[in-house]
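Take a look at the structure below.
Basis for what follows: all heavy atoms, side chains included, without hydrogens, waters or symmetry-related copies. Just so you know, residue 1 is the first one in the sequence shown, and it goes up from there.
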Amino acid sequence: MASSFFSKVTRFLRREAWVLLLGTLAFVTRIVWNTIVHPPRNYVFSDMHGYFDRSHDFVKQPLTGTYDYLAFYPWGTHVYLGWIRRLFTTPQTCPREVKDAIAGAGCWPMDIGMALLGAIGVVYTVLIARRLTQVTSEHRNTGKRRWVYVVVGFAALLYYPFLSQGSYYLSETPFFACLAAATFHSLRLCDEGKSGDAVAFGIFVALGTSVRPQMLMSVVFLAVFWFFRRSRLPGATLKKLVLAMVPVALMLVFSAIRTTRHLRVMDKNEFALVAANDALNYAFGRCHAIGIEARTNTYRSAFGPPSLGSLHFGARDQRRKGKPVYLELDPALPDDPACEVNKRHKEKKEPTEPCLLVQGRMWSRPAFNELAKKCIQKTGWLRQGYYAFTHVVLNFGFNITWPDSGQRLRYTPVLGIPIPTGRPIMEGFQLGFGASIVPFGIVGCVLAFQKKRTREGLLAMHIWASLLVAALYFGETRLRTPYDFIFIILGFDLMGRLATWVGRKIRAKTARG
């Protein structure tokens with residue numbers, strides 16, 4: 001009995017050795033990163049402050065509190081952080097306002113929680129790559145490319161944007177973990193048809209949607225893809241897919257009740273599924289302003305996507321240097337002089353910025369929908385098509401991933417080794433990733449429409465869905481990063497196929513010679 005148990009454990013350890021090693025390394029590196037190199041609690045500003053603040057409100061009033069601002073953002077990330085605060089901290093050790101590293105020292109469990117999600121994303125990345133590239137009883141024609149999943153694992157482990165985004169209180173890392181998990185379980189469901197994978201797929205889609213509603217676009221793309229390729233996806237029966245959608249439906253019902261309840265503090269006729277910021281983002285996409293201010297007699301707030309700001313100021317700087325401008329903002333409406341930022345520019349006799357003013361609050365969806373409609377009427381659909389193209393390009397360049405884009409180069413010693421962080425490191429990884437992996441990944445996404453590569457299509461659909469979301473709203477390398485594990489997998493998979501093909505050609509030529 002004991003020998004049988006130990007033999008099973010031994011077989012498991014041998015079979016999962018690389019997964020266990022890479023998973024352990026991923027967790028350890030992220031623990032070190034989030035506690036020594038770049039603790040998230042030391043960077044509580046802007047969006048990070050919002051998530052941190054709402055997680056505190058969740059601890060104080062998880063269900064009873066209500067306020068229209070809580071309807072603005074998707075709630076998944078701050079609820080996750082809120083549960084960590086509720087279980088492992090106190091208001092004294094992790095206060096609402098953290099202005100320096102000492103005041104936030106007691107918030108370290110939240111930093112560990114972000115590290116855990118980053119490690120989970122890496123582990124699922126390895127599992128997806130192994131299932132795609134190893135010879136299995138179900139897919140004997142995959143090809144002997146066992147080295148690919150190990151390389152993919154180390155690439156995901158050391159990929160700086162994953163480390164960086166996991167060291168801020170942001171939605172990117174939770175979404176990466178959910179997206180990778182949902183992708184793996186969808187792939188194994190299609191291979192083996194197990195109900196457990198159907199339920200797991202649905203749960204991670206539901207959790208991912210609570211973090212970023214754009215996950216629902218992936219569901220639409222996957223559904224259409226399944227319809228046309230269902231004969232090649234034997235495990236994904238209609239019954240199993242209905243089972244998978246049960247957790248999603250339950251989450252959406254709960255989310256709609258919660259979000260609408262908060263939203264109707266302001267407007268009794270409003271309704272929203274997960275968040276109310278979709279109208280603002282849509283207005284940015286249709287108007288191409290770098291900032292939008294919302295104002296009432298007692299309220300004023302302003303937002304601006306960093307990518308659109310980079311596009312505007314980058315083009316301006318290029319013109320000043322006499323260099324060609326390949327991509328520009330092209331705002332739909334004139335700069336609004338009533339914006340606070342433009343009032344300050346006028347006082348200093350400086351050029352104004354593409355900023356627009358809306359009467360209402362940031363979650364006043366009718367006002368932002370009306371603004372978007374006005375911009376579409378002003379520009380026409382041809383110019384809107386240029387906007388969409390611009391957004392897709394912004395997913396890959398013309399901006400540096402925020403918040404690192406605003407962080408200077410720093411060196412933090414770990415065991416005497418200076419570890420660099422900041423904008424130059426992010427910029428270097430973006431350029432290297434864009435030049436080496438993205439082209440192969442894009443080719444892999446195109447080839448995934450072939451019948452013989454149907455399983456790769458389950459990954460590629462997430463990329464195509466993300467590009468459509470970017471075209472409709474706006475693009476940014478920060479928003480693309482959670483999807484980078486798919487580019488890494490498909491890119492290295494294609495490299496493995498090419499290496500196998502070249503090896504066969506060389507061996508055949510040698511044999512003939």
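A side-chain donor from one of Gln384 and Arg286 sits under 3.5 Å from a side-chain acceptor of the other. The closest side-chain donor-acceptor pair between Thr35 and Asp111, if any, does not fall under 3.5 angstrom. Side-chain atoms of Gln407 and Thr421 form no donor-acceptor pair, as typed in the model, at a separation below 3.5 Å. The closest side-chain donor-acceptor pair between Ser255 and Trp75 falls under 3.5 angstrom.
The residue from Leu22, Val152, Ile120, Ile486 that alone fulfils the side-chain contact (heavy atoms from CB on, under 4.5 Å) condition with Thr125 is Val152. Checking Leu241, Val242, Leu243, Val248 one by one against Met245, the side-chain contact (heavy atoms from CB on, under 4.5 Å) holds for a single residue, Val248.
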Item to complete: Using the side chain to side chain contact (heavy atoms under 4.5 Å, CB included) rule, take His312 and His288 through it: C-alpha gap first, then chi angles, then the decisive distance, then the call.
Response: CA-CA 10 Å; His312 173 70; His288 260 212; over 6 Å; no
Discussion item. Quick one, Asp484 with Arg480, criterion salt bridge (charged side-chain N to carboxylate O under 4.0 Å, His left out). Give me CA distance, side-chain angles, the key distance, then yes/no.
Written reply: CA-CA 7 Å; Asp484 283 354; Arg480 187 216 68 224; 2.7 Å; yes
Item to complete: May I have the step-by-step check of side chain to side chain contact (heavy atoms under 4.5 Å, CB included) for Leu207 and Tyr80, ending in yes or no?
Response: CA-CA 10 Å; Leu207 292 174; Tyr80 172 72; over 6 Å; no
Worksheet item: Can you list the steps and then say if Tyr473 with Leu479 is a side chain to side chain contact (heavy atoms under 4.5 Å, CB included)?
Response: CA-CA 11 Å; Tyr473 296 95; Leu479 303 178; over 6 Å; no
Worksheet item: Is there a side chain to side chain contact (heavy atoms under 4.5 Å, CB included) between Phe12 and Leu20 once you walk through the steps?
Response: CA-CA 10 Å; Phe12 172 80; Leu20 293 171; 4.2 Å; yes
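Here the side chain of Ser164 pairs no donor or acceptor atom with the backbone of Tyr160 at under 3.5 angstrom. Distance alone, capped at 3.5 Å, is enough to place a donor-acceptor pair between the Arg229 side chain and the Phe449 backbone. A donor-acceptor contact shorter than 3.5 Å links the side chain of Asn395 to the backbone of Glu476. In this structure a side-chain-to-backbone donor-acceptor pair under 3.5 Å is missing from Ser171 to Thr77. When atom types are taken as modelled, the side chain of Gln430 and the backbone of Thr401 share a donor-acceptor pair closer than 3.5 angstrom. Judged by distance alone, the side chain of His391 and the main-chain N or O of Ala470 form a donor-acceptor pair under 3.5 Å. In this structure, Arg131 contributes its side chain and Arg188 its backbone to no donor-acceptor pair below 3.5 Å. The main-chain N or O of Ser466 is never found under 3.5 Å from a side-chain atom of Gln214 such that the two would form a donor-acceptor pair. Thr173 contributes a side-chain N or O that, together with a main-chain N or O of Gly166, makes up a donor-acceptor pair within less than 3.5 Å.
Not a single ring pair (Phe, Tyr, Trp, His ring centres under 6.0 Å) links Tyr386 to another residue, sequence neighbours left out. By the side chain to side chain donor-acceptor pair (under 3.5 Å) test, Lys194 is found to be paired with Glu192, residues two or more places apart in sequence or in another chain being considered. Under the ring pair (Phe, Tyr, Trp, His ring centres under 6.0 Å) criterion, Phe201 pairs with no residue, sequence neighbours left out. When the salt bridge (charged side-chain N to carboxylate O under 4.0 Å, His left out) test is applied to Arg383, the partners found at least two apart in sequence or on another chain are Asp330. Take His38 and apply the side chain to side chain donor-acceptor pair (under 3.5 Å) test, not counting sequence neighbours, and it matches Ser167, Tyr168.
Pairs engaging residues 402-412 under the salt bridge (Lys or Arg N to Asp or Glu O under 4.0 Å) rule: none recorded [sequence neighbours left out].
One distance of note links OG of Ser186 with NE2 of His462; it measures 5.5 Å at 0.5 Å rounding. Note that OH of Tyr387 is 11.0 Å distant from CG of Leu382, once rounded to the nearest 0.5 Å. Rounded to the nearest 0.5 Å, atoms CG (Leu447) and CD1 (Ile442) are 12.0 Å apart. Here Ser46 contributes atom OG and Trp402 contributes atom CH2; the two are 3.5 Å apart, rounded to the nearest 0.5 Å. Atom CZ of residue Phe303 and atom CG of residue Asn281 lie 9.5 Å apart, to the nearest 0.5 angstrom. With rounding to the nearest 0.5 Å, the separation of CH2 in Trp226 from CE in Met461 is 15.0 Å.
The aromatic rings of Phe396 and Phe487 sit perpendicular to each other, their planes meeting at more than 60°, with 30° as the lower class boundary.
No close placement of the Phe398 and Tyr326 rings is indicated, their centers lying 6.0 Å or farther apart. Annotation: His185 is in aromatic contact with Tyr124 [ring centroid separation under 6.0 Å]. Aromatic ring centres of Phe175 and Tyr483 lie closer together than 6.0 Å. Taking the six-membered ring where the residue is Trp, the centroids of Tyr169 and Tyr51 are separated by 6.0 Å or more.
Here Asp493 does not pair with Arg453 in a salt bridge; the nearest charged N to carboxylate O distance is not below 4.0 Å. Classification of Asp191 and Arg455 as a salt-bridged pair holds, one side-chain N sitting under 4.0 Å from a carboxylate O.
The shortest non-hydrogen separation linking Leu308 to Ile290 is O-CG2, 3.5 Å. Contact between Asp47 and Leu170 at its shortest, heavy atoms only, is CB-CD2, 3.8 Å. Heavy atoms only, all atoms of each residue included: Val205 and Met215 are closest at O-CG, 3.7 Å. The shortest non-hydrogen separation linking Asn34 to Pro40 is O-CD, 3.5 Å. Among all heavy-atom pairs drawn from Leu490 and Gly444, the shortest one is CD1-C, 4.3 Å. Nearest heavy atoms, Ala289 versus Leu329: C-CD2, 4.4 Å.
Open room surrounds CZ on Phe440; 12 or fewer heavy atoms of other groups in view lie less than 6.0 Å from it. Dense packing is recorded around CZ of Phe313, with more than 12 heavy atoms of other residues, nucleotides or ligands lying under 6.0 Å away. The local environment of CZ in Phe228 is sparse, with at most 12 non-hydrogen atoms from other residues, nucleotides or ligands closer than 6.0 Å. For Leu409, the CG atom is densely surrounded, since the number of other residues' heavy atoms within 6.0 Å is greater than 12. When the shell of 6.0 Å around CZ of Arg14 is examined, it contains 12 or fewer heavy atoms from other residues, nucleotides or ligands.
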